[in-house]
Protein chains: 2
Amino acid sequence: MGATIKDIAELAGVSPATVSRVLSGQSDFYSEKTARRVHRAAKKLGYQKNTSAVELVTKTSKTIAVIVSSTQTNFADQIIDGIQEQAMQKDLNVIILYAGEKNAKLQKRALETVIERSVLGILLVAIDLDPSNDNLLRSANIPFLFLSICFRNHRFPFISSDDFKIGYQATTYLIEKGHVKIGFAAADLESFTGQLRLAGYRRAMDEYQLPTSPDWVSDGDFAYEDGVLAMKQYGEETQLTAVIASSDLAAIGILNQAQAFNVKVPNDLSVVSIDGTYLCNIVRPRITSVTQSFREMGIKGMQTLLGGKLDQFDLLYTGIGITERESAKSHG
Amino acid sequence: MGATIKDIAELAGVSPATVSRVLSGQSDFYSEKTARRVHRAAKKLGYQKNTSAVELVTKTSKTIAVIVSSTQTNFADQIIDGIQEQAMQKDLNVIILYAGEKNAKLQKRALETVIERSVLGILLVAIDLDPSNDNLLRSANIPFLFLSICFRNHRFPFISSDDFKIGYQATTYLIEKGHVKIGFAAADLESFTGQLRLAGYRRAMDEYQLPTSPDWVSDGDFAYEDGVLAMKQYGEETQLTAVIASSDLAAIGILNQAQAFNVKVPNDLSVVSIDGTYLCNIVRPRITSVTQSFREMGIKGMQTLLGGKLDQFDLLYTGIGITERESAKSHG
DNA sequence: TATATTTCCACAAACGTTTGTGTTGGTGAT
DNA sequence: ATCACCAACACAAACGTTTGTGGAAATATA
């Protein structure tokens, strides 16, 4: 089974201490010759370092933990991609844990697993942490950072898109295309994210002095079904000429239900979605979106997590931008 | 920072040994009264167990590792879901690692990270392990099992769908609908999976004494783009009346390119995909698929991984079945 | 040659648990 | 009163590393 540093020491005729230093590449502690002997012995024995022992004594680990919510939202992949890239560069390992969606217990479990392992840092992707777990996270004394979610009142440091701006930008885009009656669909209005986007939408409508109706905003949970529900709520004969979907998946729901209603997108109805993942490109018509920089979010996440100074850090917005595709066109 | 078992011992006025036994719930070693005192002290100090220390002495961990390839295939989610369910039941933790796609280095790195941590078991999801890593995996003496991939010559134990059967079943389904000229698109013909499916396709065609043409099978990598490429290869005026796509995403590529060619699915061309993820339901027309039981794969994976006897275990196929949706219809 | 410096290495403590083995005091049987 | 026994706990070793310190040999300095 596992060969230890002692076995290597014996085989190479040196002390365990020397083996340790050779294997972790601390120069100025051994000669070239012994280094070679040690390496040869290690290879011969198929040595694998025992991370538990290392972490026990060094009290730090080279792995950072990513906790994601198990939604079917697919942008997490992009964020993780960015994280991995940075981890690679910095020779760090990343482990990923699923916490359920709004499941306090699962969140706690995931949190405990990584805290017990005393990881280098924790990145929480799209996790709406249950308040009962705030303390657990805080008292662990491990750097952490939320990604792709916003908090009020400096509750936690985070990196996200500016959700207000997202709502605002989507709306003004549509307004400037001549739309007047614009729906806002399928966002979770209990979430801060949903509220910010809605606020952005309202601000834009206000600024252009466009009246709105409560019927135009539909509650939901960013899911596909919420998109079809929203469209059903608007109805076959809707007065809306455009609608903003809270996610790509929700937009697809709207598209499909619109088609079922025989309302043509984009001719009868313009749709712009929020996120801009690959889904936008594989459906027809392709969906015009407010595209978020998820990969960048992952990269910046790693950078600020590792950069220290998280205490002074509060929040950072990554860029967004309209990606024009086919699902939205000018009106009137 | 971290309170240790010793701190608790001191506060509770007992020995560390007793604290350990209380906290890990070994009865018959302490009185109710001291147990209460220990628990109270632990809570008061915000104690978090040091997993490194535990694993160091016990030489086992309660976490199983899942290594996934970072494809944009979305079935991994379902498999992980099944895994998580079982882990929950058995009070195990699961950590997920990304290994790149056919990237020997990344595979090695992921493998090493989990081996060094001496996890309880390793589940490799859709990982086509580079032969250079075979030894690493084998010599670790950690139970492992591949999921959603097949191997020749008993190279590794795995649980997967029967890929030959998938190809066969997709083909006979189409044949019995009256199709004669059937394409086989976008599978990676260098992969064993691709070859098995192709063999199944050929067997079916043979059994029905249907001639085939090399032009009808297109190489690829299960990706969206491979679907559109395949369709381009078949051409606007294709003689094919049906095509089997190697994945849902590839099927969507075919759908879109077909639409671009103005060939109507399913009227002009029937499409059946392999996988049957949610993607099949959110595009129009909905895609008829050979649906795999990914969740079951995850569940069975955990069960056999934990069941021991992996040495006697060779392979296990999980169920498949046609899910009829809208993209395929009778011909002639 | 004598001393100082450097190079290379070994010794041993420490990290926070678990767990086998002692030890104590108390209870019941003889 | 003696013994055996049991409950309830403490002691200490062990797990595989890292790292501060000390020391011998080799080299440089005077």
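FYI, side chains are in, hydrogens and waters are out, and symmetry mates aren't considered; it's all heavy atoms of this structure. Naming convention: chains lettered A, B, ... in sequence-line order (proteins, then strands); numbering from 1 in each chain.
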Q: Can you list, by residue number, the residues of residues 17-25 of chain A that have a non-hydrogen atom closer than 4.0 angstrom to DNA chain C?
A: Ala17(A), Thr18(A), Arg21(A)
Q: Find which nucleotide of DNA chain C each of Tyr47(B) and Phe29(B) is nearest to by heavy atoms, and output the residue with the more 5' nucleotide.
A: Tyr47(B)
Q: Is there a donor-acceptor pair under 3.5 Å between the side chain of Thr58(A) and the backbone N or O of Val54(A)?
A: yes
Q: Please determine whether a side-chain nitrogen of the Lys or Arg among Arg109(B) and Asp91(A) lies less than 4.0 Å from a carboxylate oxygen of the Asp or Glu.
A: yes
Q: Exactly one of Ile159(B), Val125(B), Leu137(B) should register a side-chain contact (heavy atoms from CB on, under 4.5 Å) with Phe146(B). Which one does?
A: Leu137(B)
Q: So does Asn135(A) get a backbone contact from the side chain of Ser139(A), meaning a donor-acceptor N/O pair under 3.5 Å?
A: yes
Q: Using five pairs at either end of the helix from dT1(C)-dA30(D) to dT30(C)-dA1(D), determine the angle between the two local helix axes and round it to 10 degrees.
A: 50°
Q: Checking all strands, does Gln26(B) fall into the base, sugar-phosphate, or nothing category for heavy-atom contacts under 4.0 angstrom?
A: sugar-phosphate
Q: With a 3.5 Å cut-off and sequence neighbours excluded, list the donor-acceptor pairs that the side chains of residues 302-310 of chain B form with protein atoms.
A:
none

Q: CG/Leu97(A) to OG/Ser69(A) distance, rounded to the nearest 0.5 angstrom?
A: 12.5 Å
Q: Under 4.0 Å, counting only non-hydrogen atoms across every strand here, what does Thr51(B) touch: a base, just sugar-phosphate, or nothing?
A: nothing
Q: Do the side-chain N and O atoms of Glu296(A) and Thr318(A) include a donor-acceptor pair separated by under 3.5 angstrom?
A: no
Q: Name the first nucleotide and the last nucleotide along DNA chain D (5' to 3') that come under 4.0 Å of a heavy atom in chain A.
A: dG16(D) to dT21(D)
Q: Return the set of residues passing side-chain hydrogen bond (donor to acceptor under 3.5 Å, both in side chains) with Lys105(B) (not counting sequence neighbours), or none when no residue passes.
A: none
Q: First locate atom NZ of Lys6(A), then atom CG of Leu11(A), and finally report the distance between them rounded to the nearest 0.5 Å.
A: 16.0 Å
Q: By nearest heavy atom, map Val57(B) and Thr34(B) onto DNA chain D; which one lands nearer the 5' end?
A: Thr34(B)
Q: What ring pair (Phe, Tyr, Trp, His ring centres under 6.0 Å) pairs are there with at least one residue in residues 125-145 of chain B, not counting sequence neighbours?
A: Phe144(B)-Phe156(B)
